[in-house]
Each structure stands twice: as C-alpha cells, then as structure tokens.
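First the proteins, then the strands, lettered A, B, ... as listed; each starts at 1.
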Amino acid sequence: MAEQGLQTDFSDKLLVWYDANARELPWRMKTPDPYKTWLSEIMLQQTTVAAVKDYFLKFVSLWPTIDDLAAAATEDVMRAWAGLGYYARARNLHACAKIVAGELDGFFPASMEELQKLPGIGPYTSAAIAAIAFDIPAAAIDGNVDRVISRYYAIEEPLPQSKPRIRTEATKLVPQKRSGDFAQALMDLGATICTPKSPSCDICPLTDECSGRIRGMATALPRKAKKEKLPSRFGHIYWIENSKGEVLVRTRANKGLLGGMTEFPSSDWLRAKRPEFEAPFESEWKKQSSLVEHTFTHFHLELTVWKTRNDSTQLACRFVGREQLSDEALPSVMRKVIGVVLD
DNA sequence: AAAACGTGGCG
DNA sequence: TCGCCAAGTTT
C-alpha cells in the first residue's frame, strides 16, 4: 500500500546515503556493545559530538565495562565528567551502572520500557539504545529528528506543540530491519545535511520528496518560540591559600546546580546587583582585577574574585595542593576562577 | 507542566 | 557580540 511505499522509500534512500556517508565515531562499531551505546547516548544528551569524543574515550579507558564503572568511586566519576556539563547525568550514570551491574547481572534490558526505568534514561535514550544496541524498531526522536521530520512534512506548527505529530510521522518511518542504522542515519543527516541554519538540500538524499524544501520553507523550520533573555546573578568567590600554598575547596551537595562538583567557597549568587562584599572571615582580602563571567542554562553569573592567605580551615572546606587542583571535579565556571587568580 | 539543569562553538 | 544550538531527563 502507499503508506508502506513511502516508508520504504524514505528509509531505503536514507540507508543508502548512510552506507556511503556515515560518520566514523568512537562509539560506533560492527558489533554493538550496549555499555558503550548507553555511555555515548548519555554523554550526547544536549551535547555536541565534538565535545563528547574525548570524554567517551577517557571513560572507556578508565572503565572498559559496566562492572568497572559500577565499582568506581563516585568522586572519580564526577571528576572524569567535569567540564562536560549537566552533572546530574554523571550521578545518574553511576547510579545506573550500579543497578545494571548489581541487580541485572551486568546486562542492560533489551526493551524500551525496562530501559526507561533506569536513572538518566528517558524516552529518547531508551529508544536509541533499543534500536542501536538491540536492533529493536524503536523511534529515537531527538532534536535532529524533530528538524528533519518538521521539514520533510513541512510542519508549520511550532515546537513543542508539534511533538505528537512528529512522533507519529517518525514512528511510521522506522523500518523493521536495520532500525539501529536508521536511527543513526537520521541523526547524521540532521547533523551534517539538514542542519539548523543553512541546510544542504542540494545534496540531501531526501530532497525530491521534502515538502519543506519544495515549499521553500525548509530553513525556517521547525518553528520555535523565542527565548526570554536570561537574568543575571552576582556573587563573591574566595581563593584562600594557606602557607603551604594549598587552596580551600568544598564539594557541593549532590543535587541542583553543579551537584556533587568541587567549588571554591563563595557567597550566595543573588539576583540583586552589586552585592556588598562580606568577608567570610577576618583576613587581608585582595580583590582580583578581573571578574569571572559565566552563562548557565538559565542565568548569567558574575563573580568577583577575592584572594587571601590564611591557615585556618573554615567554612566546612578542605585544603588541596595547587597541583592536585586539576584532579578535582571542577566545573568550567570554577576553572575560570583559577584562570583569574593565576592570570 | 514548566522550570531546572552546563558548556563551547558558531554565524 | 550574542542568541542559538547539541543524540534530553527529572521534578
């Protein structure tokens, strides 16, 4: 029937293109390893391939199997993840590894439903693992697929309202065979051809049937609501060095922003502008000439950096040697603080 | 269901 | 320069 013909046409053309144009990525292999599929998919959540590559290789080198990762110390996992962002992923990753290694005999479940019960695995990731690692015809719908499908069907309704429609169409296109390749092919197409700003429709394998291109609206799709401007927050952060040259740091609570990561002691980060400097304790404080500016997902942060020399361990912190600082689970914003102090 | 949750690169 | 964006999940 016609519906089947369209589906076959789409996936056949896409897979032919994929066979000739698939990107070579460290987590792609002839025989899929569910552990590596899972690890890469968690890292790739809202994160570019370029950013993930080195982290993936580092994790596989440090922990070649799910049992190795499960046996690791949480602090080691957090510091290996440091810089990659969305740190709840690292906490969930380790929790998931412990469940799979400890309760599931080291095997990831081979169904979307069971996969989704594990921490850090949601609708997209469960489908991606099911398709790529277990060859289950699941629709892995990520940002790429949203874009490709929106354009192919010229869906003018904006995201996220169009999600159900996109899911319906994408599900119909998934082939019974090579569903893992199909999932990756769709994402490769979105990443290299059907790109957000200036898609290369002239070399797209689906260009003949793409309604968005035919109607001259591909680049404008998918439509999205404009984002509000981010608010700013301000604070003071303290570089406290003892006479041995060690620096005071502390570990953030295992929840919320930068949860489980190492930080230098700081004031609260307030929305009010120009907060007064309050010394956390009596000492000779010197203000650094440069500020630290950093943008998180939902606010800008401006930190004033203060430096002092003091030997008393305070503020529920610990002293670490300057050389050991690089071994800490320091998020990017804290590495910027180091940059300002050492400048 | 809307908001929280990082970072770096690019046009 | 700065808004947009990247293989989303959790609460």
By the 4.0 Å heavy-atom rule, please label [X] as base, sugar-phosphate, or nothing.
| X | answer |
| --- | --- |
| V145(A) | nothing |
| G256(A) | sugar-phosphate |
| W27(A) | base |
| R252(A) | nothing |
| G259(A) | nothing |

Under 4.0 Å between a side-chain N/O of [X] and OP1 or OP2 of [N], yes or no?
| X | N | value |
| --- | --- | --- |
| Y86(A) | dA6(C) | no |
| H298(A) | dC5(B) | yes |
| H294(A) | dG6(B) | no |
| S332(A) | dG8(B) | yes |
| R147(A) | dA6(C) | yes |

Among [options], find the nucleotide with the atom closest to the side chain of [X].
| X | options | result |
| --- | --- | --- |
| P196(A) | dC5(B), dC5(C), dT7(B) | dC5(C) |
| Y124(A) | dT9(C), dG11(B), dG6(B) | dT9(C) |
| N92(A) | dC5(B), dT10(C), dG8(C) | dT10(C) |
| P123(A) | dC4(C), dT9(C), dG8(C) | dT9(C) |

Checklist entry - Is the count of non-hydrogen atoms from other residues, nucleotides or ligands lying under 6.0 Å from K286(A) atom NZ greater than 12? => result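 Incorrect, the count does not exceed 12.
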Checklist entry - Under a 4.0 Å heavy-atom cut-off, which of residues 160-168 of chain A touch DNA chain B? => result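 Within residues 160-168 of chain A, no residue comes under 4.0 Å of DNA chain B.
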Next on the checklist: Applying ring-ring contact (aromatic ring centres under 6.0 Å, His included) to F56(A) and W27(A), what does each step give before you reach the verdict?
Outcome noted: CA-CA 8 Å; F56(A) 176 82; W27(A) 45 89; 5.4 Å; yes
[X] [atom1] - [N] [atom2] separation (whole Å):
| X | N | atom1 | atom2 | result |
| --- | --- | --- | --- | --- |
| E293(A) | dG6(B) | CD | C1' | 17 Å |
| L159(A) | dG8(C) | CG | P | 13 Å |
| D54(A) | dG9(B) | CG | P | 12 Å |
| Y87(A) | dT10(C) | OH | P | 19 Å |
| I42(A) | dT10(C) | CD1 | C1' | 12 Å |
| D188(A) | dA6(C) | CG | P | 14 Å |
| Q46(A) | dC5(B) | CD | C1' | 10 Å |
| M187(A) | dC5(C) | CE | C1' | 17 Å |

Checklist entry - Centroid-to-centroid, F296(A) to H298(A), below 6.0 Å? => result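 So the answer is no for these two rings.
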Checklist entry - Are W81(A) and Y55(A) close enough that their ring centres sit under 6.0 Å apart? => result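 W81(A) vs Y55(A): aromatic centres not under 6.0 Å.
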Next on the checklist: Does T125(A) contact dG8(C) through a side-chain donor or acceptor facing the base, at a distance under 3.5 Å?
Outcome noted: no
Item to check | Base dG11(B) to side chain S198(A), donor-acceptor N/O within 3.5 Å cut-off | outcome: no
Classify the side-chain pair [X]/[Y] by whether it contains a donor and acceptor separated by less than 3.5 Å.
| X | Y | answer |
| --- | --- | --- |
| T251(A) | R318(A) | yes |
| E302(A) | S232(A) | no |
| E169(A) | Y152(A) | no |

Checklist entry - Any salt bridge between K13(A) and E209(A), counting N to O under 4.0 Å? => result yes
Next on the checklist: Whether R151(A) and D146(A) form a salt bridge (side-chain N of Lys/Arg under 4.0 Å from carboxylate O of Asp/Glu) is what I want to check.
Outcome noted: no
Next on the checklist: Return whichever of T47(A) or K197(A) has its heavy-atom-nearest nucleotide of DNA chain B closer to the 5' end.
Outcome noted: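 Result: T47(A).
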Next on the checklist: Using atom C1' in both nucleotides, what's the gap between dA1(B) and dT10(C) to the nearest angstrom?
Outcome noted: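 To the nearest whole Å, 12 Å.
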Next on the checklist: Roughly how many Å apart are dG8(B) and dT9(C), using the P atom of each and rounding to a whole number?
Outcome noted: 23 Å
Checklist entry - If you pin L118(A) and L25(A) to their nearest nucleotides in DNA chain C, which one's is more 5'? => result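 First, find each residue's nearest nucleotide; the 5'-ward one identifies L25(A).
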